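Working notes, beginning with the structure itself.
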Number of protein chains: 2
Amino acid sequence: MSNSKPTESELEILQILWEHGPVPVRFVHEILATQKAVGYTTTLKLMQIMAEKGLVNRDTTNRTHIYVAAISEEQTQQQLLDKFVEGTFRGSAMKLVMQALGNNTASKEELDQIKALIQKIENEE
Amino acid sequence: MSNSKPTESELEILQILWEHGPVPVRFVHEILATQKAVGYTTTLKLMQIMAEKGLVNRDTTNRTHIYVAAISEEQTQQQLLDKFVEGTFRGSAMKLVMQALGNNTASKEELDQIKALIQKIENEE
DNA sequence: TTGGATATACGAAAGTCTTCGTATATATTT
DNA sequence: AAATATATACGAAGACTTTCGTATATCCAA
């Protein structure tokens, strides 16, 4: 389990790796390039650094290296969420939830999901 | 309204300013120093930079300058929240809510609050 | 009134992140 | 086989953040 927190750019790359599984640098870069102007070697360098940090693994058997995320999306989200709640909402996850709920259009299905989750939490006590 | 996003260190200082209103650098520093090892001039410099950026305002009438946050806590939280949801949860605020709810001990009162909020949202449609 | 404590200003070093040019090796195409 | 395309490696510049030492001014107490 990696402990290092991904930077913003690294997170963008992780998102792509999480969604598309093991892929070459070129693949990641082409998606990234649709989101922002960036050179190929920039993407490459970032991914090399991520490999050093242990954020990704790579298969260097062939000339074209294949990269895959080394940390799970859920684990990373939870880790970043904890830090974010601490830093921005002074540790109050509920304050965050209230703000997120209040300022975003939630569909009926999503609200039902949340109600169900609350139900479940209440029953567990 | 300031547009620049506070860095992590700047956010720590803003937290203190939000909680304690207009205070001198020394005051901020002493709270900060309980949280991490940091020199006085470091805190001072940061707050000076924040003044330049427009994140804080200061009264320089007297020798001891008095600082106050120039951006509201709510506005900043919302701004950071939006960015965070986008970057970490690919724009799905509901996914974030679910994860925050699922992994933190919420009191009965807090859950009631959330239920009330959901109720309110449902009635508005 | 003089020495010590405390204030801001300033500059610059150190760390991190991001970016990309260039070198070199390997594959592919003509 | 030669020219072209494409891959990784490497180094380093530029931007931003964080840190603190030093200079200078002001206040306060003995």
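Since the structure is predicted, the reported quantities are computational estimates derived from the model, not experimental observations. Order of the sequence lines fixes the chain letters, A, B, ..., with proteins taken first and strands second; residue numbering starts at 1 for each chain.
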Handout entry: Contact interval (first through last nucleotide) of DNA chain D with protein chain B, 4.0 Å heavy-atom
Key =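 From 5' to 3', the first and last contacting nucleotides are D:dT17 to D:dC27.
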
Look at the side chain of [X] and the backbone N and O of [Y], then say whether any donor-acceptor pair between them is shorter than 3.5 Å.
X        : Y        : value
B:Glu110 : B:Ser107 : yes
A:Thr88  : A:Val85  : no
A:Ser92  : A:Phe89  : no

Handout entry: For B:Thr41, side chain to side chain contact (heavy atoms under 4.5 Å, CB included) partners two or more places apart
Key = none

Please list, pair by pair, any protein nitrogen or oxygen found under 3.5 Å from a nitrogen or oxygen in nucleotides 14-20 of chain C.
from, atom 1, to, atom 2, distance (Å)
C:dT18, OP1, A:Ser9, OG, 3.1
C:dT18, OP2, A:Thr7, OG1, 2.7
C:dT18, O5', A:Ser9, OG, 3.4
C:dC20, OP2, A:Gly39, N, 2.9
C:dC20, OP2, A:Thr42, OG1, 3.0

Problem - Degree of bending, the helix from C:dT1-D:dA30 to C:dT30-D:dA1 (end axes from five pairs; round to 10°) - result: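 If I round to tens, the end axes sit 10° apart.
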
Problem - Mutual orientation of the aromatic rings belonging to B:Phe84 and A:Phe84 [parallel < 30°, tilted 30-60°, perpendicular > 60°] - result: parallel

Handout entry: Counterpart residues, salt bridge (charged side-chain N to carboxylate O under 4.0 Å, His left out), relative to B:Lys115 (two or more places apart)
Key = A:Glu122, B:Asp112

Problem - Qualifying residues under salt bridge (charged side-chain N to carboxylate O under 4.0 Å, His left out), relative to A:Glu30, sequence neighbours excluded - result: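 None.
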
Atom [atom1] of [X] and atom [atom2] of [Y]: how far apart are they, to the nearest 0.5 Å?
X        : Y        : atom1 : atom2 : result
B:Leu55  : B:Met47  : CG    : CE    : 11.0 Å
A:Leu101 : A:Leu111 : CG    : CG    : 7.0 Å
A:Lys45  : A:Thr43  : NZ    : OG1   : 13.0 Å

Fill in the blank from the handout: Numerically ordered, the residues 20-28 of chain A set in heavy-atom contact under 4.0 Å with DNA chain C is none

Can you list, pair by pair, the side-chain donor-acceptor contacts under 3.5 Å of residues 60-71 of chain A, counting residues two or more places apart and other chains?
from, atom 1, to, atom 2, distance (Å)
A:Thr61, OG1, A:Asp59, OD1, 2.5
A:His65, ND1, A:Asn62, O, 3.2
A:His65, ND1, A:Arg63, O, 3.4
A:Tyr67, OH, A:Arg58, NH1, 2.8

Problem - Donor on one side chain, acceptor on other, A:Gln78 and A:Glu74, under 3.5 Å - result: no

Handout entry: A:Glu73 and A:Gln77: side chain donor to acceptor below 3.5 Å
Key = yes

Exercise for the section: Give the intermediate values and the outcome of side chain to side chain contact (heavy atoms under 4.5 Å, CB included) for residues A:Gln99 and A:Leu96. Expected result: CA-CA 5 Å; A:Gln99 184 128 358; A:Leu96 170 139; 5.8 Å; no

Practice task
Report the C-alpha separation of B:Ile31 and B:His20 in whole Å, then their side-chain angles, then the decisive distance to 0.1 Å, and conclude whether the side chain to side chain contact (heavy atoms under 4.5 Å, CB included) test is met.
Solution key: CA-CA 11 Å; B:Ile31 294 184; B:His20 297 97; 3.5 Å; yes

Please tabulate, one pair per line, all N/O donor-acceptor pairs under 3.5 Å involving side-chain atoms of residues 6-16 of chain B, not counting sequence neighbours.
from, atom 1, to, atom 2, distance (Å)
B:Thr7, OG1, B:Glu10, N, 3.3
B:Glu8, OE1, A:Lys5, NZ, 3.4
B:Glu10, OE1, B:Thr7, N, 2.8
B:Glu10, OE2, B:Lys53, NZ, 2.8
B:Glu12, OE1, B:Lys36, NZ, 3.1
B:Gln15, OE1, A:Arg90, NE, 3.0
B:Gln15, NE2, A:Gly87, O, 2.2

Fill in the blank from the handout: Residue set satisfying side-chain hydrogen bond (donor to acceptor under 3.5 Å, both in side chains) with A:Thr76, at least two apart, ordered chain then number -> none

Scan nucleotides 1-4 of chain C against the protein and return all N/O pairs shorter than 3.5 Å with their distances rounded to 0.1 Å.
none

Quick one: which protein N/O atoms are closer than 3.5 Å to N/O atoms of nucleotides 25-30 of chain C? Pair and distance per line, please.
from, atom 1, to, atom 2, distance (Å)
C:dT26, O2, A:Arg63, NH1, 3.4

